[in-house]
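One structure is given here, and the rest of the page talks about it.
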2 protein chains.
Amino acid sequence: MVNQSLPLDTVFHALADPTRRAVISRLLKSPAPVTRLAEPFEMGLPAFLKHLAVLESSGLIHSEKRGRVRTCHINGERLAAAEGWLAEQRAVWAGRTDRLAAFAESQHSQEQEE
Amino acid sequence: MVNQSLPLDTVFHALADPTRRAVISRLLKSPAPVTRLAEPFEMGLPAFLKHLAVLESSGLIHSEKRGRVRTCHINGERLAAAEGWLAEQRAVWAGRTDRLAAFAESQHSQEQEE
DNA sequence: TGATTGGTTCACCATATGGAAAACTATAGA
DNA sequence: TCTATAGTTTTCCATATGGTGAACCAATCA
């Protein structure tokens with residue numbers, strides 16, 4: 001059906017869920033084991049593991065297992081990939097192709113909005 | 001099942017599809033009517049209209065109908081909302097809470113990647 | 001008026017997604 | 001060794017998603 005090979009597809013899809021975004025926010029602070037990560041959420045572990053699988057297959061996180069505990073880490077570069085696409089689009093919106101100018105633009109308008 | 005009320009959910013979900021991202025890229029250049037927008041894609045109009053509905057309900061685009069022609073427009077601010085969330089996350093990743101510093105940071109690392 | 005164009009609606013289908021419950025594996029600790 | 005802990009696998013279910021074809025409505029235009 002959909003060609004899920006495109007990295008942006010999987011990254012944006014991974015971000016389209018509050019549980020997964022919360023996991024990312026948490027992991028940005030420091031790596032953490034699975035059960036620690038799962039604590040704040042109401043769902044069972046199997047459901048939570050599916051979210052982790054989505055995050056991992058999108059490349060937003062990776063994990064390694066030592067003993068019986070699997071520790072998850074963030075992959076900041078993938079976040080940057082998504083941000084980069086959006087920044088490019090906003091650059092077009094601002095009527096420019098120069099990416100640095102676009103960043104300055106987004107920065108500026110964001111300050112005004114707050 | 002999922003609480004789709006959160007705007008970020010619907011925005012990221014809308015972005016998680018190459019057809020919809022292409023429509024956004026197209027609309028950033030200028031508004032366009034439905035059939036013009038649909039031209040580049042293989043799918044039938046009903047399927048394409050569903051994509052437009054997803055984009056519209058996410059707030060990324062809006063449209064108005066004059067005569068029998070519906071013209072679609074981009075909503076740049078919604079794109080900025082997604083970019084803003086990502087920028088905040090990357091700010092944490094960079095070990096900072098200052099958003100301007102985070103933008104500078106993302107700008108810097110993106111130049112290095114190319 | 002009749003035909004075309006632009007869009008819409010409807011019924012339907014296959015697959016994906018997000019969740020639950022239960023049973024299981026393997027490492028750590030007492 | 002026994003038991004608790006951390007995670008995994010499997011099966012199952014309801015709903016969402018992305019697509020189709022066919023019928024339909026409403027402006028234009030010849």
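Letters go in sequence order (proteins before strands), and every chain restarts at 1.
Within the 4.0 angstrom heavy-atom criterion, only backbone atoms of the sugar-phosphate kind lie near Arg20(B); the bases stay farther away.
In this pair, Phe12(A) and Phe12(B) present their aromatic rings parallel. The plane angle is below 30°, not in the 30 to 60° band. In this pair, His62(A) and His73(A) present their aromatic rings parallel. The plane angle is below 30°, not in the 30 to 60° band.
Between the C1' atom of dT20(D) and the CZ atom of Phe48(B) lies a distance of 17 Å, rounded to the nearest Å. For Glu42(A) and dG19(C), the CD to P distance is 11 Å, given to the nearest whole Å. In this structure, the CE atom of Met43(B) is 16 Å from the P atom of dT17(D), given to the nearest Å. One can place CG of Asp17(B) at 13 Å from C1' of dA16(C), the figure rounded to the nearest angstrom. Atom CD in Glu64(A) sits roughly 17 Å away from atom P in dA6(D) (whole-Å rounding). Between Asp9(A) atom CG and dA16(C) atom P the separation is 14 Å, expressed in whole Å. With rounding to whole Å, Leu52(A) atom CG is found 13 Å from dG18(C) atom P. Regarding Lys50(B), its NZ atom lies at a distance of 12 Å from the C1' atom of dG21(D), rounded to whole Å.
Taking side-chain N and O atoms only, His51(A) has a distance below 4.0 Å to OP1 or OP2 of dG19(C).
End-to-end axis angle of the helix from dT1(C)-dA30(D) to dA30(C)-dT1(D), from C1' rotation axes over five pairs per end: 20° (rounded to 10 degrees).
In this view, Arg78(B) and Pro7(B), Val11(B), Leu60(B) satisfy the side-chain contact (heavy atoms from CB on, under 4.5 Å) rule, not counting sequence neighbours. Evaluation of the side-chain hydrogen bond (donor to acceptor under 3.5 Å, both in side chains) rule for Ser25(A) yields Gln89(B) as partners, not counting sequence neighbours.
Toward the 5' end of DNA chain C, the nearer of the two residues Ala47(A) and Arg66(A), judged by each one's closest nucleotide, is Ala47(A). With the nearest nucleotide of DNA chain C identified for both Val54(A) and Gly67(A), Val54(A) has the one nearer the 5' end.
Residue Arg21(A) comes nearest to Ala16(A) through the heavy atom pair NH1-C, 3.9 Å, listed as atom of the first residue, atom of the second, then distance. In terms of heavy atoms, Ala82(A) sits closest to Leu8(A) at CA-CD2, 4.2 Å. Closest heavy-atom contact between Glu83(B) and Arg90(A): OE1-NE, 2.8 Å.
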## Note on the structure
Scoring nucleotides 4-9 of chain C by protein non-hydrogen atoms under 4.0 Å (B base, S sugar-phosphate only, - none) yields BBSSBB
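Between Leu15(A) and Arg20(A) the shortest side-chain heavy-atom distance does not fall below 4.5 Å.
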Return a table of donor-acceptor pairs under 3.5 angstrom between the side chains of residues 30-44 of chain A and protein atoms on other chains or two or more places apart.
| from | atom 1 | to | atom 2 | distance (Å) |
| --- | --- | --- | --- | --- |
| Ser30(A) | OG | Arg26(A) | NH1 | 3.3 |

